[in-house]
Amino acid sequence: MLRLVCESLDGIDPAQLQTRLAELQGVESAAIDLYERTVDLYLDRRRAAPPHLVTLATERVGLPVVAAELHRAPPSGARLGPSTLLFVVR
């Protein structure tokens, strides 16, 4: 999972952005949390290249991205956090 932490998500249409991000090659689906200012991209491990996706997704978000983090999938019902963080891409 690739998480983009944005400076702000004010003024975006979440449904439209979610659809545009899910269309990126290597992305299975996308989730947006307006309160946490995060965009989570669920990746197809066979086709995704996280550094390349950071660039493409950042362009599609169109807002300043503070951090991009690569996480392993958390256990069912758990949240992303320090225990799931693999590395910071940018």
TODO: For residues Ser29 and Ala22, report the shortest heavy-atom separation together with the two atoms involved.
DONE: CA-CB, 4.3 Å
Task: Spatial distance of atom CG (Leu70) from atom CZ (Arg3) [nearest 0.5 Å] - done: 12.0 Å
Open item on the list: Could you tell me if the side chain of Leu21 sits less than 4.5 Å from the side chain of Val39, heavy atoms only?
Closed with: yes
Task: Shortest non-hydrogen contact between Thr84 and Arg79, atoms and distance - done: CG2-O, 4.3 Å
Open item on the list: When you group the ILVMFWY residues by side-chain heavy-atom contacts below 4.5 Å and let the links chain together, are Leu41 and Leu80 in the same group?
Closed with: no
Task: Spacing of Glu69 atom CD and Leu4 atom CG [to the nearest 0.5 Å] - done: 9.0 Å
Open item on the list: Looking at every non-hydrogen atom in both residues, tell me the closest pair between Ala31 and Tyr42 and how far apart they are.
Closed with: CB-CE1, 4.0 Å
Open item on the list: Would you say that Asp44 contacts Val27 through its side chain, given a criterion of any heavy-atom pair below 4.5 Å between the two side chains?
Closed with: no
- [ ] Mind running side-chain contact (heavy atoms from CB on, under 4.5 Å) on Ile32 and Leu17 for me, showing each step along the way?
- [x] CA-CA 9 Å; Ile32 298 170; Leu17 178 59; 3.8 Å; yes
Open item on the list: If I take atom OG1 from residue Thr19 and atom CD from residue Glu23, how far apart are they, to the nearest 0.5 angstrom?
Closed with: 6.5 Å
Task: Check: Glu7 side chain, Val65 main-chain N or O, donor-acceptor pair, under 3.5 Å - done: no
- [ ] Output the distance between atom CG (Leu34) and atom CG (Leu9), rounded to the nearest 0.5 Å.
- [x] 6.0 Å
Task: Interatomic spacing from CE in Met1 to CG in Leu86 - rounded to 0.5 Å - done: 11.0 Å
